[in-house]
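This structure is a prediction, so every number in the text was calculated from the model and none was measured. In the text below, chain A, chain B and the rest are named by the order of the sequence lines, each starting its count at 1.
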There are 2 protein chains.
Amino acid sequence: MNAACNSPESSRSEARRAQILGAARDCFRRHGFHGASISQICRQAGMSAGHIYHYFDNKEAIIAAIVEQDLSRLLTMTAELRAAEDIEQTLAQCAAEGVHENLDPDTAALRLEIVAEGSRNPRVAEIVRDAERCCHDSMVVTVREMRRSLGLDTDEAWIEGLVEFFATLYDGLLVRSVRNPGEPSAALLALFSKVILDLVKTPSPLGPGKP
Amino acid sequence: MNAACNSPESSRSEARRAQILGAARDCFRRHGFHGASISQICRQAGMSAGHIYHYFDNKEAIIAAIVEQDLSRLLTMTAELRAAEDIEQTLAQCAAEGVHENLDPDTAALRLEIVAEGSRNPRVAEIVRDAERCCHDSMVVTVREMRRSLGLDTDEAWIEGLVEFFATLYDGLLVRSVRNPGEPSAALLALFSKVILDLVKTPSPLGPGKP
DNA sequence: CGTTCTAGTTCGAACGCTCATTCTATGTTA
DNA sequence: TAACATAGAATGAGCGTTCGAACTAGAACG
């Protein structure tokens with residue numbers, strides 16, 4: 001046994017878990033949470049049917065793990081944005097990258113599946129909403145700092161509305177990837193950049209807030 | 001037999017079909033296309049298990065019918081908007097109504113289920129994309145007419161981009177209904193109206209088109 | 001060094017259940 | 001009577017999950 005096995009979760013079982021999650025992500029993306037079967041996931045992960053239950057209590061636990069894994073990526077992105085040196089430039093870059101990421105059919109299929117499941121499975125709904133709150137708060141901080149550094153008002157309700165609006169735009173891309181697949185038009189890309197950068201700099205029509 | 005029975009589809013079987021679709025819509029909304037079973041749908045529709053197969057070839061045909069039914073509502077809305085007397089006022093009204101409709105958890109749950117299914121079921125994907133194309137074209141005509149009557153350019157690529165952008169916004173609300181349920185904030189509603197009405201009147205940065 | 005022990009892995013058969021679908025028999029109605 | 005409407009049992013496949021036995025490899029011991 002190598003040195004790493006001193007860790008409470010041995011590296012072997014960690015690897016096995018990752019292997020299962022990778023296979024499950026693939027199957028869920030192709031067949032949906034309920035369309036994909038445990039035996040499919042096992043086959044893809046290269047292990048026997050029952051063995052999966054040494055790593056996950058049941059199928060729902062695998063779903064929950066996948067959901068958490070995917071949503072933690074979002075958190076990472078907002079955290080990176082907030083920590084960036086030149087926020088305005090990073091925002092513009094993230095805006096463009098986000099469009100392509102959310103329009104990618106594989107990414108979109110899994111996220112849509114997660115949201116659809118969230119609309120009926122309370123456990124998934126809770127995970128989704130927790131992640132949403134974190135992302136939202138992180139973005140609010142980022143936008144508030146940008147506005148302050150630009151000498152604009154920092155009306156809380158307005159900033160929250162802006163963040164909610166941006167999130168809605170990006171969530172919409174997930175649906176667009178199915179309704180209208182393929183590369184986004186130049187006009188759409190231009191609109192994303194323009195609207196987001198314009199709105200960040202738009203004074204609140206609601207009230208001033210402390211500047 | 002009453003007079004209506006001269007029709008190729010008797011009113012009785014029409015009613016039965018509608019009954020099944022109503023029950024199926026309910027079950028699909030609550031459990032998803034694959035989570036809901038035929039026997040659940042039968043129970044809710046008040047008929048025996050096998051009897052459903054006199055009206056639909058199989059489960060997928062029921063799904064397809066539900067998808068078509070729901071998407072035809074979208075087509076109706078865009079058609080109404082295009083036929084309106086005062087397009088600008090009707091647009092503003094539709095914009096507000098659309099926000100609430102797409103945020104309604106029941107509406108959103110079914111539409112998300114449809115889109116998620118569309119990302120893996122080619123038949124559903126085709127129906128979704130057909131409806132999308134019709135809606136898109138209808139909206140393009142509407143926006144072009146508005147811009148012409150306002151003396152603006154009618155650059156085709158720009159108008160298509162605008163329509164795509166609006167659609168993305170409304171699609172995003174479906175996802176928001178899960179991620180952040182509850183009444184939308186006043187700021188978000190204001191942003192929807194403001195951005196849509198502003199953009200419709202924004203000159204194309206791409207080229208003039210024939211005015 | 002070789003043997004035994006132990007705890008963690010892994011397999012695959014088995015279980016009970018539910019699913020979508022089919023079939024046959026029985027009303028029902030014009 | 002002829003055609004349609006309906007019920008409900010039957011079918012076979014596949015599901016998620018459990019279980020006991022086999023395998024593996026390092027630890028402890030003589």
> In whole angstroms, how far is the P atom of D/dT18 from the OH atom of A/Tyr53?
Replying inline: 7 Å
>> I want to check something: taking the side chain as every heavy atom from C-beta on, are A/Ile66 and A/Leu110 in contact at a cut-off of under 4.5 Å?
In response: yes
>> For B/Gln19 and B/Arg16, which I'm curious about, is there any donor-acceptor pair between the side chains at under 3.5 Å?
In response: yes
Short heteroatom pairs, N/O only, protein and nucleotides 11-16 of chain C, under 3.5 Å:
from	atom 1	to	atom 2	distance (Å)
C/dC11	OP2	A/Ser48	N	3.0

>> Whole angstroms only, please: what is the CD1-C1' distance between A/Ile41 and D/dC15?
In response: 12 Å
> Counting only non-hydrogen atoms, which of residues 20-35 of chain A are less than 4.0 Å from DNA chain C?
Replying inline: none
Distance-only criterion, 3.5 Å: show the donor-acceptor pairs between side-chain atoms of residues 79-88 of chain B and protein atoms not counting sequence neighbours.
from	atom 1	to	atom 2	distance (Å)
B/Arg82	NE	B/Ser138	OG	3.1
B/Asp86	OD1	B/Glu88	N	3.2
B/Asp86	OD1	B/Gln89	N	3.1
B/Glu88	OE2	B/Lys201	NZ	2.9

> Do B/Asn102 and B/Arg111 have a side chain donor and acceptor closer than 3.5 Å?
Replying inline: yes
>> I need the single residue from A/Leu103, A/Leu191, A/Leu173 that forms a side chain to side chain contact (heavy atoms under 4.5 Å, CB included) with A/Pro184. Which is it?
In response: A/Leu103
>> Just to be sure I understand: a Watson-Crick pair is purine N1 to pyrimidine N3 plus N6-O4 or O6-N4, both under 3.5 Å. Using that and G-U wobbles, which stems of three or more pairs involve DNA chain D?
In response: C:1-30 with D:1-30
> Counting only side-chain N and O atoms of B/Tyr55, is one of them less than 4.0 Å from OP1 or OP2 of D/dT6?
Replying inline: yes
> Can you check the B/Phe56 CZ to D/dA5 P distance for me, whole Å?
Replying inline: 14 Å
>> How many whole angstroms separate atom CD1 of A/Ile38 from atom C1' of D/dC15?
In response: 10 Å
> Counting only heavy atoms not in B/Arg73, do more than 12 fall under 6.0 Å of its CZ?
Replying inline: no
>> Just the rounded figure in Å: distance from P of C/dT10 to CD1 of A/Ile52.
In response: 12 Å
> Once you round it to whole Å, what is the distance between C1' of D/dT6 and CD of B/Gln19?
Replying inline: 12 Å
> Once you round it to whole Å, what is the distance between P of C/dA20 and CZ of B/Arg43?
Replying inline: 11 Å
>> Does a side-chain N or O of B/Ser13 approach OP1 or OP2 of D/dC4 to a distance below 4.0 Å, or not?
In response: no
> A/Glu60 has an atom CD; how far is it from atom P of D/dG16, in whole Å?
Replying inline: 13 Å
> Quick check: are there more than 12 heavy atoms from other residues, nucleotides or ligands sitting under 6.0 Å from CD of A/Gln69?
Replying inline: yes
>> For A/Thr202, give me all partners under side-chain contact (heavy atoms from CB on, under 4.5 Å), at least two apart in sequence or on another chain.
In response: A/Trp158, A/Leu199, B/Lys194
> Is a side-chain N or O of B/Glu68 found less than 3.5 angstrom from the main chain of B/Ile127, in a donor-acceptor match?
Replying inline: no
>> Taking the basic N atoms (NZ, or NE/NH1/NH2) and the acidic carboxylate oxygens, is any pair closer than 4.0 Å for A/Asp26 and A/Arg30?
In response: yes
> For A/His54, what residues pass the ring pair (Phe, Tyr, Trp, His ring centres under 6.0 Å) criterion, not counting sequence neighbours?
Replying inline: A/His51
> Any side-chain N or O of B/Ser37 less than 4.0 Å from the OP1 or OP2 oxygen of C/dC19?
Replying inline: yes
